[in-house]
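Following: one structure in structure tokens, then a few remarks.
What you are looking at is a predicted structure, and each value in this text was computed from that prediction instead of being measured.
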Amino acid sequence: MPRGRRPVPDGIKALNGNPGKRPPNDSPPAFAAGAKCPAWLDAYAREEWELVAGELGRLGMLHGVDTATVASYCEACSLLRHANDEIAANGGLTTIDCGKSGLRRHPAVGTALDAIRTIKSFAAEFGFTPSSRARVKAPGGPADPFDAFMAELGDN
């Protein structure tokens with residue numbers, strides 16, 4: 001496994017203004033744009049798909065090869081919602097298979113925690129977290145006041 005930071009895609013570098021000033025990849029892979037929602041996703045996962053696929057598509061960051069990755073993120077979101085539904089209905093503690101020891105954590109709590117970790121991992125990859133989003137400057141985003149100031153100076 002290679003050491004060091006993961007390479008940043010050229011599209012993300014361009015959105016960030018190419019801070020490292022490294023030349024872009026001259027022959028990036030030409031993946032088909034867009035991705036279709038897989039039929040096997042349940043209702044919760046489909047809701048998340050509609051939300052994230054729409055935004056990723058609008059930014060030109062969704063390709064056909066991303067289908068499984070985005071679907072995995074959406075499935076983790078669905079697992080979290082199902083686990084939360086179970087916890088809401090039955091509580092976070094259970095006597096299932098506890099024997100004489102009393103109460104234990106409901107298995108849905110572990111499922112929810114695993115789903116949260118998975119969601120966090122995928123979210124960082126797609127720029128869905130506040131910290132990862134702060135590193136990406138998407139087109140059409142809020143204008144940088146410093147850029148406006150510098151443009152004004154250039155006009156004089």
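Taking hydrophobic clusters as Ile, Leu, Val, Met, Phe, Trp and Tyr residues chained together by side-chain heavy-atom distances below 4.5 Å, Phe122 shares a cluster with Ile116. No path of Ile, Leu, Val, Met, Phe, Trp and Tyr side chains, each step under 4.5 Å between heavy atoms, connects Leu79 with Leu113, placing them in separate hydrophobic clusters. If you chain together hydrophobic residues whose side chains sit under 4.5 Å apart, Met61 and Tyr73 fall into the same group.
Between Leu41 and Cys74, the shortest heavy-atom contact is CD1-CB, 4.4 Å. Shown here for Lys36 and Thr67, the closest heavy-atom pair between the two residues is O-CG2, 3.6 Å. The two residues Gly92 and Val109 have their closest heavy-atom pair at O-CG2, 3.7 Å. Closest heavy-atom contact between Ala83 and Ala108: CB-O, 3.5 Å. The two residues Thr118 and Ala76 make their nearest non-hydrogen contact at CG2-CB, 3.8 Å. The two atoms that bring Trp49 and Ala35 nearest to each other are CZ2-O, 3.7 Å, heavy atoms only.
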Decide yes or no on side chain to side chain contact (heavy atoms under 4.5 Å, CB included) for Phe128 and Leu56, but give the supporting numbers first.
CA-CA 10 Å; Phe128 296 162; Leu56 290 172; 4.0 Å; yes

Derivation of the side-chain hydrogen bond (donor to acceptor under 3.5 Å, both in side chains) call for Asp85 and Tyr44:
CA-CA 12 Å; Asp85 290 348; Tyr44 285 157; 2.6 Å; yes

For side chain to side chain contact (heavy atoms under 4.5 Å, CB included), just list the numbers for His63 and Val70, CA-CA rounded to whole Å, side-chain angles, deciding distance to a tenth of an Å, and then say yes or no.
CA-CA 10 Å; His63 303 284; Val70 176; over 6 Å; no

Would Asp42 and His82 count as a side chain to side chain contact (heavy atoms under 4.5 Å, CB included) here? Give the steps.
CA-CA 11 Å; Asp42 69 7; His82 285 294; 2.8 Å; yes

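A donor-acceptor pair is defined here as one N or O able to donate and one able to accept, closer than 3.5 Å; such a pair exists between the side chain of Ser72 and the backbone of Ala68.
At a threshold of 4.5 Å between non-hydrogen side-chain atoms, the residues Cys37 and Arg46 count as touching. Counting heavy atoms from C-beta on, the side chains of Val52 and Phe126 never come closer than 4.5 Å. Between Glu86 and Thr111, the closest side-chain pair of non-hydrogen atoms is not below 4.5 Å. Using a 4.5 Å heavy-atom threshold, the side chains of Asn90 and His106 count as touching.
Under the salt bridge (charged side-chain N to carboxylate O under 4.0 Å, His left out) criterion, Glu47 pairs with Arg81, not counting sequence neighbours.
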